[in-house]
Trainee: 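Take this structure, written in structure tokens, and hold onto it; I'll ask about it next.
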Amino acid sequence: MAQMTMIEAIKDAMRVELERDENVLLFGEDVGHVGGVFRATEGLQKQFGEDRVFDTPLAESGIGGLALGLGVQGFRPIAEIQFIGFIFEAMDSICAQASRMRYRSGGKYNSPITFRTPFGGGVHAPELHTDSLEGLMMQTPGIKVVVPSNPYDAKGLLISAIRDNDPVFFMEHLKLYRSFRGEVPEGEYTVPIGKANVVREGSDVTIITYGNMVHTSQKAAEELEKQGIQAEVIDLRTLMPLDIETIVESVKKTNRAIVVQEAQKTSGAAAEIMAQINEKAILHLEAPVIRVTAPDTVVAFGQIEKEWLPNEKKVIAGVKEVINF
Amino acid sequence: MEHVSVLDKASYEVHTNKVELLSILSLDGTVNEELLPNLSDEQLRELMRRMVFTRTWDQRAISLQRQGRLGFYAPVSGQEASMIGSEFALNKEDFICPGYRDMPQIVWHGLPMYQAFLYSKGHQHGGEVPEDVNVLMPQIIIGAQIVQSAGVAMGLKKRGKKNVVITYTGDGGSSQGDFYEGMNFAGAFNLPVIFVVQNNGYAISTPSSKQTAAETIAQKGLAAGIKSVQVDGMDVLAMYKAVQDAAERGRNGEGATLIEAITYRFGPHSMSGDDPTKYRTKDEESEWALKDPIVRFRKYLETKNLWTEEDETKTIEDAKQTVADQIKKAESTAKMTIPDLIDSMFEMTPPHLEEQKKAYLEKEGN
């Protein structure tokens, strides 16, 4: 099996799907000749031609509108939004248009669009390049939200996203692009959207997380083990639909849970997960569920980024809080 | 564009080209024979029939809305020439991306009228466009349809089809970023899109003069590098010709066109409390009434003995009867349900929505 970085796995997923289905198109700012600012699409225009893989003018709302119109004509667009902060320019296309196309047309049309975008802190990117906007997307009916944490999942989830007949917001963590390699099968395989993955089993506490925080949480769990605390770590992989079943099953076993997210504290994925645990498993809890998050500020970039982001220490402190309750 | 060095001059600027207004039918019903599009007598009568029919339908819809039998409704009276003339120049396979007022175009393009009524009433079946009808439902977010039209046109082009996309907005819509983005994408990718701005002078109450410092909206297309024209939007023959010319260019791979149609809505912006007397003068309204697209065209057809009082009466009666039948059909369609709505969100309803559907059914019964 090949060893790939997450960005290589993402490119491989797009190659597999461009090859398999001629309705798949790939476009965005600088994705063509140069292969994207992170080289996620490098070589794909050369392989599949300018008709299938192409650069667009610099206008995110236009990119979203283009994707929606192409979806109406039966194409399966992969639209790259160069950095997550630029999504705000495409919010109407994604949240008010693509998300409602199936409803508005009584099912005649749909938006089989994958909106890919890099996000995530820890790489010293500028302002509005790294925000975690999954909460905004989760609150939009009609959109699926996927956040892979490793190369294998990234390829399998991206293939699922491209084949999905509804719009998928696919978030690629910048820190994970090249930080490690993992085994990735050749050719096609899928990781289903809506299924979480228990990446570490434990009996004392459940750490529910996604994206780069999966790795932070796993490191914290290793440290906790040395202190005699067995933490179970759930990698959600998909935030919408959320695999609440896996979460509840784990909480019933451990009776304690924390949610770790890189996003700010209020009204995000963590808040939703806590609400659902409350609805479905409150009588199994020995302590309140808490969340380890960034504070409710704009994303701190540059000098104080490191302090701003959740880290192992904060995760360990969170676990101890619910253990010692 | 000609590039001139101004080394020996104190002034330097980019000059816009002059704007010429296409007008074929004069107020007294005479026409410019040279510009007259090639339309048979039957087609001329059909254009008239559609405009008269649409005005009666509009009056009936206003009345139905007041009775609480329709939801949102945006009156169209005054804009029949720009709406009907432009759609009439299309083929059935051409695609329409309308704005919220553009229901007549998509109904004449094939959407059954009762579905237009269901859409207004908030029933999902309203938007379930029949398979062979090439339209999106009217857009609510002003400008969204403009970027989408570029995508639809790119799709048609990739499929090797010789069809065009027409999209409509108003003078207010031309201020949106999406207006420029859509035209720019169509220009950059050489796409067969016809952008029609029905400039009726007001975006709800805001006059065009406060919308832009540009002398015309037509000139905004020049910045996107697409062909741009200005047309008398109260002249059905001019509208037909402008769209036919634009469609021909689109089909020949010559790209997109912006058409600014100068028009006027006789009624309010919508039926939701807008009072035009607060922002328009009686004098202005009277002046525009003289340009009534139906009156002008009737004068022309009468000189050719193509339209009689009997035709007019018959068309009005037909429209009244059709509206009555179609609203009845809409009203007898089973009410949509919350579970229907839940199931319309995704191809496969995910577990959390299944759960919400189940909870709703348990609490609310059937």
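Lettering of chains follows the sequences in order, A, B, ..., and the numbering in each one begins at 1. Atom set for the values below is all heavy atoms of this structure, side chains included, hydrogens, waters and symmetry mates excluded.
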Trainee: Closest heavy-atom contact between A/S61 and B/V147?
Mentor: O-CG2, 4.0 Å
Trainee: Please name the pair of heavy atoms, one in B/L341 and one in A/Y103, separated by the smallest distance, quoted to 0.1 Å.
Mentor: CD1-CE1, 3.5 Å
Trainee: Hey, is NZ on B/K92 packed in by over 12 heavy atoms from elsewhere, all under 6.0 Å?
Mentor: yes
Trainee: Identify the two heavy atoms, one from B/P130 and one from A/K108, that lie closest to each other, and give their separation to 0.1 Å.
Mentor: O-NZ, 2.9 Å
Trainee: Taking side chain as everything from C-beta outward and backbone as N, CA, C, O, which of these in B/E355 sits under 4.5 Å from a heavy atom of chain A? Side chain, backbone, both or neither.
Mentor: side chain
Trainee: Do any of residues 268-277 of chain A have a heavy atom less than 4.5 Å from a heavy atom of chain B, and if so, which, in residue order?
Mentor: none
Trainee: Does anything in residues 17-28 of chain A get under 4.5 Å of chain B by heavy atoms, and if so which residues?
Mentor: A/N23, A/L25
Trainee: Could you go through residues 62-80 of chain A and list every donor-acceptor pair under 3.5 Å that involves a side-chain atom there, pairing it with any protein atom two or more places apart or in another chain?
Mentor:
unit_1, atom_1, unit_2, atom_2, d
A/R76, NH1, A/I162, O, 3.1
A/R76, NH1, A/R163, O, 3.1
A/R76, NH1, A/D164, O, 3.1
A/R76, NH1, A/N165, OD1, 3.2
A/R76, NH2, A/N165, OD1, 2.6
A/E80, OE1, A/R116, NH1, 2.8
A/E80, OE1, A/R116, NH2, 3.3

Trainee: Counting heavy-atom pairs under 4.5 Å with chain A, which one of B/P350, B/G177, B/S344 comes out on top?
Mentor: B/S344
Trainee: Check whether more than 12 heavy atoms from other residues, nucleotides or ligands sit under 6.0 Å from atom CD of A/E245, and answer yes or no.
Mentor: no
Trainee: List the residues meeting side-chain hydrogen bond (donor to acceptor under 3.5 Å, both in side chains) with B/T169, not counting sequence neighbours, and say none if there are none.
Mentor: none
Trainee: Quick check for you: among A/N110, A/D243, A/T56, which has the greatest number of heavy-atom pairs under 4.5 Å with chain B?
Mentor: A/T56
Trainee: Only pairs of heavy atoms separated by less than 4.5 Å count here; which of B/Q124, B/R159, B/K161, B/E128 has the most with chain A?
Mentor: B/R159
Trainee: Within the structure provided, determine whether A/P57 and B/F189 are in side-chain contact (heavy-atom separation under 4.5 Å).
Mentor: yes
Trainee: Just wondering, are more than 12 heavy atoms of other shown residues or ligands nearer than 6.0 Å to CD in A/E249?
Mentor: no
Trainee: I would like to know whether A/Q97 and B/I141 meet side-chain contact (heavy atoms from CB on, under 4.5 Å); could you show each step before the answer?
Mentor: CA-CA 9 Å; A/Q97 305 294 332; B/I141 301 301; 3.6 Å; yes
Trainee: Looking at A/Q47, I want to see if its CD is surrounded by more than 12 non-hydrogen atoms of other residues, nucleotides or ligands under 6.0 Å.
Mentor: yes
Trainee: Which residue out of B/K158, B/H125, B/M137 racks up the most heavy-atom pairs below 4.5 Å with chain A?
Mentor: B/K158
Trainee: Using side chain to side chain contact (heavy atoms under 4.5 Å, CB included) as the criterion, point out the one residue from B/V129, B/L136, B/I140 that pairs with A/R104.
Mentor: B/I140
Trainee: For B/E331, I'd like to know if atom CD has over 12 heavy atoms of other residues, nucleotides or ligands within 6.0 Å.
Mentor: yes
Trainee: Is the count of non-hydrogen atoms from other residues, nucleotides or ligands lying under 6.0 Å from B/K227 atom NZ greater than 12?
Mentor: no
Trainee: In this structure, are over 12 heavy atoms from other groups packed under 6.0 Å from B/R101 atom CZ?
Mentor: yes
Trainee: For the interface with chain A, which of B/A188, B/C97, B/A144, B/P351 has the highest count of heavy-atom pairs at distances below 4.5 Å?
Mentor: B/A144
Trainee: Specify whether A/Y109 and B/F95 have parallel, tilted or perpendicular ring planes, treating 30° as the upper limit for parallel and 60° as the lower limit for perpendicular.
Mentor: tilted
Trainee: Passes side-chain contact (heavy atoms from CB on, under 4.5 Å), A/M240 versus B/H352? Steps please.
Mentor: CA-CA 9 Å; A/M240 178 59 71; B/H352 70 289; 3.4 Å; yes
Trainee: Mark yes when over 12 heavy atoms from residues, nucleotides or ligands other than A/K253 sit less than 6.0 Å from its NZ; otherwise mark no.
Mentor: yes
